[in-house]
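Structure first, commentary second.
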Amino acid sequence: MTRIDGIIILDSNGKPLISSHFPLHPPSYPSLHIDSFNTARKKAITNDEELEPVIWVNTLARGGSSMSGAGLCHVQREGLFFLVPVGQEVNPLFAFSFLDSFLDTLKDYLGEITEIAIKDNFDIIYMLIEEMLDEGHPMTMETNMLKEIVLPPTLMRKLLNVAGVSGLQTPTTQPFTAPIPWRRPGVRHSSNEIYFDIEESLDAIIDKRGNVLSSAIWGRINCNSRLSGNPDLLLSFSNPKVLDECAFHPCIRYNKWEKNRILSFIPPDGKFRLLEYQSVSSSSKNQIPLGVKANLVIEPNRGRFSLTLSSTLPSRPLEDIVISIYLGKGATSVSATAQGDRKPIGIRSEEGIADGHVGGGNWEFDPHTQVLKWKLSSLVSTERSPTLTGSFVSNELQPTPSPSFNVTFNIQHHSFSNLRVDQLKVQGDVMYKPFKGVRQLGRSGKIEVRW
């Protein structure tokens, strides 16, 4: 039967912060995985390679008389490492799926997943691990149910713990008697409202002529529900056909979606992820909102480059644009000039004139990573295209910069797939009409532009 051995949390230096109990293995079992992970990470850093997401670890068999082995799945968040050892017959995707849910729960409890937050709340994290992982099997995964069992950290609770007051973990309700596992009974709010955040990311590969070689749109719908009672919701879209390969929250009635392409559900209380999907829009290749013209010339011990950006989106500005270029191991210095329209950013009261900045943004070069970054705060289609031209010096006779560079950006109130919410109907034992809010955000995923 599929099971997870346990979970280990390491700090940025590879030292253990928290390790769950491994009852079916020798006491040295977690130490072997920690040492193997640190060794593999050090080797990858030395060789300037990426660390494999699954590492093979040689271990003792349960009887202790022969050698066996296990896979070690790991992810990194905010400088911390989360390790999950699994047996030979376990699909690693099972472990990564659990890690994703575990990290979402930690973020909901702690706000930010940092080393300080984990050290300050290690008792809560231990209890969460015990509730979410029952002898290797994921059990209680719903945040609403977990909060009835393990109280979230609050300032008042910390003060009472310091004062020596006990009994704070006694739940006020019986969570396992709730008819709806993801929603506690008796929910009441003074104002009934629900918000939907549609977030989409765009992956693409663009050649040096600006042609889109491949592209894909990935999206998710996050909700924040503040509704009283047990509302039964019907959420419909104006163009549901763009949704494909959907992953639903357990509250979704799948048969209703298959039949009518309508999301029917009783929502959890608070924040939750309603849906993840891939867009099947046939025009996804035309959804690239950024035009890039790039040129790179390699010479002995040096190179010359030029970049020109343009927006193809007339309705919205592109924000937080970053171009990242790896110039090769031997790159030592860069000389460049960024140009663009000058934009007013404020009024100086003492002189009454606009204070502006160059629309070409700014650039910086990190000699340790050999990465050149060109940053622009915003870009609109009506302004003159910003450019970055310059050269770099390298210790190598024949410099070897990366054959492509990465582009990141954000677009507020924009959907690459043009997904639109049509209407929200409320059924069930409620007598109110809730306030509905919908917000859209488009951001770059992995966008690679080739020279």
Do we see a donor-acceptor contact under 3.5 Å between the side chains of N192 and S228?
yes

Can D232 and R253 be counted as an ion pair, charged N to O under 4.0 angstrom?
yes

Is a side-chain donor or acceptor of S378 paired with a backbone partner of L318 at a separation under 3.5 angstrom?
no

Residues two or more places apart in sequence or in another chain: which of them pass salt bridge (Lys or Arg N to Asp or Glu O under 4.0 Å) with E199?
R443

What's the verdict on ring pair (Phe, Tyr, Trp, His ring centres under 6.0 Å) for F265 and H249, showing C-alpha distance, side-chain angles and the deciding distance?
CA-CA 9 Å; F265 60 100; H249 188 277; 8.7 Å; no

Any donor-acceptor pair under 3.5 Å linking the side chain of N38 with the backbone of I34?
yes

Take atom CD of E50 as the centre, draw a 6.0 Å sphere, and report whether it contains more than 12 heavy atoms from other residues, nucleotides or ligands.
no

State whether E364 and K373 are salt-bridged, where the test is any N-O pair (Lys NZ or Arg NE/NH1/NH2 against Asp/Glu carboxylate O) under 4.0 Å.
no

Is the backbone of F405 close enough, under 3.5 Å, to the side chain of S402 for a donor and an acceptor to pair up by distance?
no

Check the side chains of S279 and E200 for a donor-acceptor pair under 3.5 angstrom, ignoring hydrogens and angles.
no

Determine yes or no for a side-chain-to-main-chain donor-acceptor pair under 3.5 angstrom, with W182 supplying the side chain and T143 the backbone.
no

Under a 3.5 Å distance rule, please check whether S19 uses its side chain to pair with a backbone N or O of I8 as donor and acceptor.
no

Under the 3.5 angstrom rule, does the side chain of N406 hit a backbone N or O of E448 as a donor-acceptor pair?
no

Hey, are N58 and W56 close enough side-chain-wise for a donor-acceptor pair under 3.5 Å?
yes

Spatial distance of atom CD1 (I266) from atom CG (L227) [nearest 0.5 Å]
11.5 Å

For the pair D203 and K446, find out whether any cationic side-chain nitrogen is under 4.0 Å from an anionic carboxylate oxygen.
no

Measuring from atom CH2 of W363 to atom CG of L376, what distance do you get when rounded to the nearest 0.5 angstrom?
14.0 Å

Got a donor-acceptor contact below 3.5 angstrom from the W374 side chain to the G360 backbone?
yes

If the threshold is 4.0 Å, N to carboxylate O, is there a salt bridge linking K271 and D108?
no

Residues that F122 engages under side-chain contact (heavy atoms from CB on, under 4.5 Å), provided they are two or more places apart:
I18, Y126

Check whether any side-chain N or O of R420 sits under 3.5 Å from a backbone N or O of S415 as a donor-acceptor pair, and report yes or no.
no

